[in-house]
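Working notes, beginning with the structure itself.
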Amino acid sequence: MSEQGITVSKSEDFSEWYSQVLSKAGLVDLRYNVQGFVVHKPWLMRIIKAIYRFFEEELEKTGHEPVLFPLVIPEENFEKEKEHVEGFKPEVFWVTQAGDEKLERRLALRPTSETAFYYMYSYWIQSWRDLPLKLYQSVSVYRNEKNTRPLIRGREFLWIEAHDAFATHEEALNQIREDMENSRKVIWEKLGIPFLFLRRPPWDKFSGAEDTYAADTIMPDGRVLQISSTHDLGQRFAKAFNVTFLDKDGKRKYVWQTCYGPGIWRITAALIAIHGDDKGLVLPMNVAPIQVVIVPIYYKESDKERVLEKCRKLEAMIREAGYRVYLDAREEYTPGWKFNDWELKGVPVRLEVGVREVETGTVTVFRRDLRVKEKVADSELISHIRKLENDILEELKRRAKEFFESRIVTATRREEVEEALRSGKMVKMPFCGREECADDLKEATDGGKVRGTEIDFKEGDYGRCAWCGAPARLIVYVAKSY
RNA sequence: GGGGCCGUAGUCUAGCUUGGUAGGAUGCCAGCCUGGGGCGCUGGUGGUCCCGGGUUCAAAUCCCGGCGGCCCCACCA
């Protein structure tokens, strides 16, 4: 039998739970016949658009402007930065033919757009007066991934990429702080997704970057997910693309660049995974496509009109107050069916209105996050909803933070590291800093990866490496990842 | 790239071993009945059994090839 609801528990079988929520809550349709390419349904797109809007607002507040660059990048651009090509080449899709004609030079579908942006930056940047240049685009990118998972690893996925150019390295480094703050404001404050902002080890940098910083969150199965990244590109691309300016001192200089990429797909995946429960999605008000749903309940035809009349009044009042409200007056479904369905879809607030409510001048208000009902007087409904807007987000943040913190443990010995990784934890530990040690750890623990150090971390003497016992120079976080 | 599993109405699936009229549930449509936690009844609708070839009187079923999907390993800024 094809169940309409979620049939597994999130804590027991996260992978299956996640697949079921995506399909059953009407977020995606995975029947499209190309692996790794996902059909995004309206419920998902509305959530994604809300998340995009938050990031775009923050970016524009800090001086970024929107642009749209071409999807295709000629091979000659792509080849200019050696390390960049080597890193991305294995997963680039190429356009090689148009109609029956073979193209003289093949075109890459952007896997990321440095080589499109910076080609133009060499034209646009001439003077110190042109700096800083801060542009972003909200687009999909293309990578031929082998193991795909909807919203987590795709061959086509949605993100924002902000490409900034500065006169000095110092300004570029400040930009990385600003990017981190941007992530904090949106990912944590608005969406309630906790994360660590880490500086990646040298062997795990973006291809072509001097340094990579990234936000890692922890999924319910304990694996970490990189949800945004910021790269200090130094002057490497500036040199490859000849992006120079005449400074105040009359000297021609290369610009310093950064690139910030909040992974909208993955942030959405984290939102679904972290806040969801065994009944389905749980959405904060600020991204919910429908914030308040009204379900009318009547037994007799004679009660129908007075119940519906009250529902319509409430609907108008709530809409007037600025909320996205939907009166579910469909007659082909029972109230019980609707309760389950809207919970599956994660609508934060449900109002139940029947004869009882009509006669007492009240509304039964159901909170999706706590799954509790309470009676509220009609006259206090709007202020109650306003309060819930904040309360629900705070509750989601509280739970998410509690989970996140419970998943990070410290270790100083090899056995502790092994045990922690086995039980799905992220490990904070002293580390020697050697790539060979990280490789050995990864192999021995079936995938435990050194994710990096905290951004303000200073190297020093931290005793012995928890893995190999050599003198430790760093404190790092280690976890299995997606 | 290596290994494994699997393709039957929108969905989940029976049938395949042992070749012989494709069956059920759910969904969808119509009508009734209902409604405070996924109601019930009646009727109807919906199939290139992934594609191509082979064997056979006869193929969803057996054989070969292809395509597609899923899982594990490797890879993964």
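Being a predicted model, the structure only gives us computed values, none of them experimental. A note on names: the letters A, B, ... follow the listed sequences, proteins ahead of strands, and every chain is numbered from 1.
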Integer angstrom distance from the P of B/G1 to that of B/U17
34 Å

Send over the distance from A/Glu16 CD to B/C70 C1', rounded to a whole Å.
12 Å

Sequence neighbours left out, what pairs pass ring-ring contact (aromatic ring centres under 6.0 Å, His included) with at least one residue falling in residues 339-367 of chain A?
A/Tyr326-A/Trp342

Which part of the nucleic acid, if any, lies within contact of A/Tyr260, taking any heavy atom under 4.0 Å across all strands shown: a base, the sugar-phosphate backbone alone, or nothing?
nothing

Considering only the C1' atoms, how many Å lie between B/U48 and B/G52, rounded to the nearest integer?
13 Å

If you only use heavy atoms from C-beta on, which nucleotide in B/U11, B/C76, B/A74 is closest to the side chain of A/Arg31?
B/U11

Side-chain donor-acceptor pair present, A/Gln226, A/Ser228, cut-off under 3.5 Å
no

Residue whose nearest RNA chain B nucleotide is more 5′ - A/Phe157 or A/Thr148
A/Thr148

Axial cation check for A/Tyr477 ring with A/Arg451, 6.0 Å and 45° limits:
no

To the nearest Å, give me how far apart CG (A/Asn147) and C1' (B/G4) are.
14 Å

Is the A/Phe117 ring parallel, tilted or perpendicular to the A/Tyr121 ring (thresholds 30°, 60°)?
perpendicular

Applying a 4.0 Å non-hydrogen cut-off, can you work out what A/Ser207 is touching in the nucleic acid: base, sugar-phosphate, or nothing?
sugar-phosphate

Can you name the residues that form a salt bridge (Lys or Arg N to Asp or Glu O under 4.0 Å) with A/Asp369, not counting sequence neighbours?
A/Arg367

Distances under 3.5 Å between protein N/O atoms and the N/O atoms of nucleotides 65-69 of chain B, please, pair by pair.
unit_1	atom_1	unit_2	atom_2	d
B/G69	OP1	A/Gln35	N	2.3

Taking A/Asp216 as the fixed residue, which of A/Arg223, A/Arg200, A/Lys449, A/Arg266 is the one that meets the salt bridge (charged side-chain N to carboxylate O under 4.0 Å, His left out) rule?
A/Arg200

Side-chain touch A/Ile455/A/Leu198, heavy atoms, less than 4.5 angstrom
no

When the P atoms of B/G19 and B/C57 are considered, how many whole Å apart are they?
15 Å

Considering heavy-atom distances to RNA chain B, does A/Ser15 or A/Trp159 have its closest nucleotide positioned more toward the 5' end?
A/Ser15

Whole Å only: how far is the NZ atom of A/Lys24 from the C1' atom of B/U11?
10 Å

Regarding A/Asn182 and A/Tyr260, is there a side-chain donor-to-acceptor distance under 3.5 Å anywhere?
yes

Hey, could you give me each pair passing ring-ring contact (aromatic ring centres under 6.0 Å, His included) that has a residue in residues 214-235 of chain A? Not counting sequence neighbours.
A/Phe206-A/His231

Partner residues of A/His163 under the side chain to side chain donor-acceptor pair (under 3.5 Å) criterion, sequence neighbours left out
A/Tyr118, A/Glu161

Heavy-atom distance under 4.5 Å between the side chains of A/Val85 and A/Thr115, does that happen here?
no

C1' gap between B/U61 and B/U56, integer Å:
13 Å

Rounded distance in Å between the C1' positions of B/A9 and B/G15:
15 Å

In whole angstroms, the gap separating C1' of B/A74 from NZ of A/Lys442 amounts to 9 Å

Under a 3.5 Å cutoff, is there a donor and acceptor pairing between the side chains of A/Lys375 and A/Thr364?
yes

Salt bridge (Lys or Arg N to Asp or Glu O under 4.0 Å) partners for A/Glu181, two or more places apart
A/Arg184

With A/Glu380 via salt bridge (Lys or Arg N to Asp or Glu O under 4.0 Å) - residues at least two apart:
none

When you compare B/G7 with B/A14, how far apart are their C1' atoms, in angstrom units rounded to a whole number?
16 Å

Rounding to a whole Å, what distance do you find between A/Arg153:CZ and B/A74:P?
13 Å

Expressed as a whole number of angstroms, how long is the span from A/Phe88:CZ to B/C75:P?
18 Å

Could you work out the separation of B/U8 and B/C70 based on their P atoms and round it to a whole Å?
14 Å

For A/Asn144 and B/C76, what is the distance between atoms CG and P respectively, to the nearest whole Å?
15 Å

Please produce a list of atom pairs where a protein N or O lies less than 3.5 Å from an N or O of nucleotides 45-52 of chain B.
none

Using a heavy-atom cut-off of 4.0 Å across all strands, would you classify A/Asp341 as base, sugar-phosphate, or nothing?
base

Sugar-phosphate, base or nothing in reach of A/Thr112, heavy atoms under 4.0 Å
nothing

Whether each nucleotide of nucleotides 29-37 of chain B has a protein heavy atom under 4.0 Å at its base (B), only at its sugar-phosphate (S) or at neither (-) is summarised, 5' to 3', as ------BBB

Please measure how far the P atom in B/G24 lies from the corresponding atom in B/C67, and state the result in whole Å.
36 Å

With sequence neighbours left out, what residues match A/Asp179 under side chain to side chain donor-acceptor pair (under 3.5 Å)?
A/Gln175, A/Thr230

Please state how far atom NZ in A/Lys345 lies from atom C1' in B/G38, giving the value in whole angstrom units.
13 Å

Secondary-structure stems, RNA chain B, at least 3 Watson-Crick or G-U base pairs under 3.5 Å:
B:1-7 with B:67-73, B:10-13 with B:23-26, B:27-32 with B:40-45, B:50-54 with B:62-66

Can you list everything that forms a salt bridge (Lys or Arg N to Asp or Glu O under 4.0 Å) with A/Glu301? Sequence neighbours excluded, please.
A/Lys304

